[in-house]
Amino acid sequence: MKTDDWNHRTEESEDFSASIHQRTEELYRIQDSEPDQEGCIELPVLCLRDIVVFPRMISPVFITPGPNLLAIQEAQFNFQTVIAVVQQDPDIEEPSSDDFLPIGVELAVGRLLNMPDGNNSALVQGRRRVELIEFTQQEPFLRARARVIVEPVDVDRHTEALMRTTRDLFEKCVQLDRSLPDEAHLFSINITEPGWLADMVTTAISLPFKERQSLLVLMDPKERLKRVNWLLAQELDVLQLEDEIQTRVQSEVDRSQREFYLREQMKAIQTELGEGDIWSREIAELRQKIEKTDLPDEARDTALKEVDRLVQMPPMAPEVGIIRTYLDWILDLPWMNETEDNLDVIHAAQVLEQYHYGLGKAKDRILEYIAVRSLKPRKPRQPILCFVGPPGTGKTSLGRSIAEALGRKFVRLSLGGVRDEAEIRGHRRTYIGALPGRILQTMRRAGTINPLFMLDEIDKLGADFRGDPSAALLEVLDPEQNFAFSDHYLELAYDLSKVMFITTANSLGTIPPALLDRMELLEFPGYIEEEKVEIARRFLIPRQLEESGLEAAEVRLQDAALSKIIREYTYEAGVRNLEREIGRMLRKTARLKSEKRVFPVNLTPKSVEKYLGPPQFFETEAEREDEVGVATAIAWTENGGDIMPVEVLILEGKGNLQITGQIGDVMQESAQAALSYLKSRSHELDINSEIYERLDVHIHIPEGSIPKDGPSAGITMATALISAFTERATYKDVGMTGEITLRGKVLPIGGVREKVLAAHRAGLKTVLLPARNLKDLIDVPKKVLDEVKIIPVKHMDEVLQVALHPAVQKPEKPAKQAKE
Ligand code: ADP
C-alpha cells in the first residue's frame, strides 16, 4: 500500500482519482534538495497562511498570483522543492519575515492546475521539518536558508507503548468519525516512526490551527506523540458523546418512522378488509346517538369532543376502549328521563297498608311527606329520612312500597364496608379500569333521574386513609350541592336533586355526626310476638305459600306452631328469620306433596319440631335459679334488645378488678364505678371494708363473641357485685338497665322500647328502669306493659330492694366469707 493514498479520500470520481494518482506519482519523483556542509538548504519560499502541511503528508494548496506563484514556478523550473513557512497569525495580510513560525517544512510541489476563479492549485507533499535561518531574498518572491532537521527514528519501550496507545485511540476515532476512511487506521499501523505517526494523526483528526502550529514546532518526536495522544483522547471523548447523541436521536427517528410505517400499513389492511369503513360508520353512529339522546349541553359537548378524539385514532388503539366505555356511561346514565310522581295521599296510604302491618309512625311520616309534596310541588328541601332499627323490621320493604306508591323506580345501595371515597365518587379516568362510583352506577340501574334511592347501612360506613366516604355522601345528600354531584370518572356535573333518598341504619352510634345532622330519624323498633304472628298471617305465610307452590287451603300453620317458631327458633326483633323458617316448613310440605305422600294439613308445634329439628333457643332465664353473684342486664344491640347475665366471682387476691367478655371502655369504667360505689357503701351493706385488699373481683358478661359497650349495665354490675359480697341471691326474673353514678344514682339510658320488648321476649317478669325513662314507655305496646312489671328507680337502694333477696341477719358473714 502506498503510505499516503488515504489522503485523497475526498476525491470521489474515478477519472479524477486517476488524475490524482498520476499527480502523486509526479510528486514522488521530485527529489529532496541536497543540504550543504552545514546541513542547510536554500530554496524559494511558499507562505502558508492558515494551513500546516506536515512532513510526508499530501495536501492540495491554493496559490494566488503573486510571490507564492512566482516561487513555485521558479522551483518547478529548477526541479526543486520549496520551503513552506507558516504564518503565526493567519489574519495578517502582508506578513514580514518575523511573522512566520521558526520551523517550516520542505515541500515537493506538483503540477499547477488553473482554477476557474483565476487562482491555481497544486498538490504538495511535505518532506521534512526545517529550521529557518534567514531569508536570503525578498523580491520578487521570498527565498530562505534553513537547516534540515533530522529526527531520531529509534524507538524505546516507552515510545513503543505510546505508539500503541496512539494507534488504539486512533482506531477508535476512525470507527466513530465518519469523515475518516477505514484505511486510515491500517495506515497508522504501518508507520514505525513516532514523529511520523504523530504528524499523520495530527493531519487526520480535526484540530484547531493553533494546535497544528504548536505540533509543527514541537521537534522532539516523543513529546509530539505524547501531545497527540492527549489530543486523541479528547477527540475520542467528543466523538463518543456525539455518537451517543446521534444514536439517541436516531432511535427516536427510527421509532416514529416505524410507527408511521405500521400505521400506514394498518390503514391499508383495514381498507382492504373494509374495516376502515366500519370504523368510520361506527363513529358516525355514535355521533348520531349522542346528538339524538336527551343530554344536558355540557354532557353532549363533552361526548362529542371525545368522539372527535376517537376519529383521530386507529380503531385498535388502546385508548379507544377507554373512550368508548366513557361514552357508553354518558349515554346510559339517566339525565332527563323522569317518572311522574303520584302524589295522591289516599292511594299512597292504601299501598303502604296493603304491604305492611303496623309501623304507624313511619307510615304517617311518609304520608305527610307526600302530602307536602302534593301541596308544594316545587319545595325541594324535604329532610332525608333515616329508617333506624334492627334487621328484618321492614325498613327496606317499606322503602319499596313508598316507591311503588309514588310511582318511582326503587334502587338500593348498601354502604356496609365502604371505606374509600372513590367507591362513592369513582376513580379518575387515568386509572386503568376506572369506573364511576357506586352512586352513579346505581343511578344507571335506576334508569330515571328521580328514583327512590335507598342508602342501606349508613351506620356501617367506614373511613380510612383512602379518604372519608362520608364527605362524599354528604354532598350526595345535601340539596344545596347535589344538583351538581361530581364523580371523578364522569367529570360532569350530575343532578341528584330529584332523587328521593332514604337511608337505613341498625344503630345511630356509628353514623358520622355530620350525616346524622342532615337526617330525620324514623324508628323501626322491632315487633312483639303478637305483631309477628299478625305479620306472618297476613304477609309472610301467603308469600311463602306462593313461593313454595302451595294453595292457602292446602296447609295451615296453627297459632301455637307459629308461636313456637317465634319463641324457640327465631330470637329476633324483626321477622326475617321467622319468614325463613316458615319458608322451610312450607317447602318440606311442598316436597311431600310433590312426592305424592301424605302431608299434614294442620301444622302443629309437633310438626315444627319434626320439620325444623330441635329448638335453637331456650327460655333460659325462666329455667335459671335465683343465684348469688349474677344479675340480668337488659341491653341494646344492633339486632334489637337482648338480655345478658352479668356474673361476678370473688377470689383471693390483691384487690384487683378484672372484666371479661369483649367489654368496651365505657363499660369498663362503668364497672369501676359500680365497684367504687359498693366500697363506699360497705358499712350500710354490712361488708367488712378491710377485705377488699385481700380479694380479686372478676366480672364476666357471657356471649363473649358479641362486643358490648355503653354505661347502661352500670346498675346490673353493681347489683351482681353486691350480691356476691353480701351473698344475697338475685331474683332470676328481674331484669334491669341504667347507668350508675359513684353515689348510686341511676341515670337514664336509651333504647327503652327495644329493651322492654327484649325483656318480654325473654320472659322476665320485672324490669327496673331509670325513673327518667318512664316517658319512653309510650312506645311500648300495652300488651307488653300488662305482662311485664316496670319499676322506675332513681337510686341503687331501690334497685337492691327489688333485685336482691332480703339480707339474712348474720353480721359476721362478709368477713367470714373473706376468710374462706
Ligand atoms: P330490614 O330492611 O329492616 O332489614 P326488610 O324490609 O328486609 O327488613 O324486612 C324483612 C321481611 O320482613 C320482608 O319480607 C318484609 O316484607 C317483612 N316485614 C317486616 N316488617 C313487616 C311489616 N310490618 N309488615 C309486613 N311485612 C313486614
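Basis for what follows: all heavy atoms, side chains included, without hydrogens, waters or symmetry-related copies. Atoms within a ligand are numbered from 1 in the order they appear, just like the ligands themselves.
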**Q** Should the pair Tyr489 and Trp329 be assigned to parallel (<30°), tilted (30 to 60°) or perpendicular (>60°) ring geometry?
**A** perpendicular
**Q** As an exercise, identify every atom of ligand 1 less than 4.0 angstrom from a heavy atom of Ser397.
**A** 6 (O), 15 (C), 16 (O)
**Q** Among Phe539, Tyr527, Tyr355, which one has a heavy atom closest to atom 21 (C) of ligand 1?
**A** Tyr527
**Q** Considering only the protein, which heavy-atom contact is closest to atom 4 (O) of ligand 1, and what is its distance?
**A** Arg576 NH2, 2.4 Å
**Q** Taking side chain to side chain donor-acceptor pair (under 3.5 Å) as the definition, give me every residue that meets it alongside Glu520, ordered by chain and number, with sequence neighbours left out.
**A** Arg365
**Q** Can an N or O of Ile535 be found at a distance shorter than 3.5 Å from an N or O of ligand 1?
**A** no
**Q** Considering the heavy atoms of Val575, write down every atom of ligand 1 situated less than 4.0 Å from one of them.
**A** 12 (O), 17 (C), 18 (N), 19 (C)
**Q** Looking only at the side chains, is there a donor atom on one of Asn450 and Thr339 sitting less than 3.5 Å from an acceptor on the other?
**A** yes
**Q** Compare all side-chain heavy atoms of Leu455 with those of Leu477 and state whether any distance is below 4.5 angstrom.
**A** yes
**Q** Which donor-acceptor pairs under 3.5 Å do the side chains of residues 383-393 make with protein atoms, sequence neighbours left out?
**A**
| residue | atom | partner | partner atom | Å |
| --- | --- | --- | --- | --- |
| Thr393 | OG1 | Pro390 | O | 2.7 |

**Q** Ignoring hydrogens and angles, state whether a donor on the side chain of Thr448 or Lys409 is under 3.5 Å from an acceptor on the partner side chain.
**A** no
**Q** Give the residue, atom name and distance (to 0.1 Å) of the protein heavy atom nearest atom 2 (O) of ligand 1.
**A** Thr396 OG1, 2.4 Å
**Q** Can you find an N/O atom of Gly394 closer than 3.5 Å to an N/O atom of ligand 1?
**A** yes
**Q** Leu359 heavy atoms, cut-off 4.0 Å: which ligand 1 atoms fall inside?
**A** 23 (N)
**Q** For ligand 1, which atoms have a heavy atom of Tyr357 less than 4.0 angstrom away?
**A** 22 (C), 23 (N), 24 (N), 25 (C)
**Q** A side-chain contact here means heavy atoms from C-beta on lying under 4.5 Å apart; do Pro781 and Leu757 qualify?
**A** yes
**Q** List ligand 1 atoms under 4.0 Å from Pro391, heavy atoms only on the residue side.
**A** 4 (O)
**Q** What protein heavy atom sits nearest atom 14 (O) of ligand 1, and how far off is it?
**A** Arg543 NH2, 2.7 Å
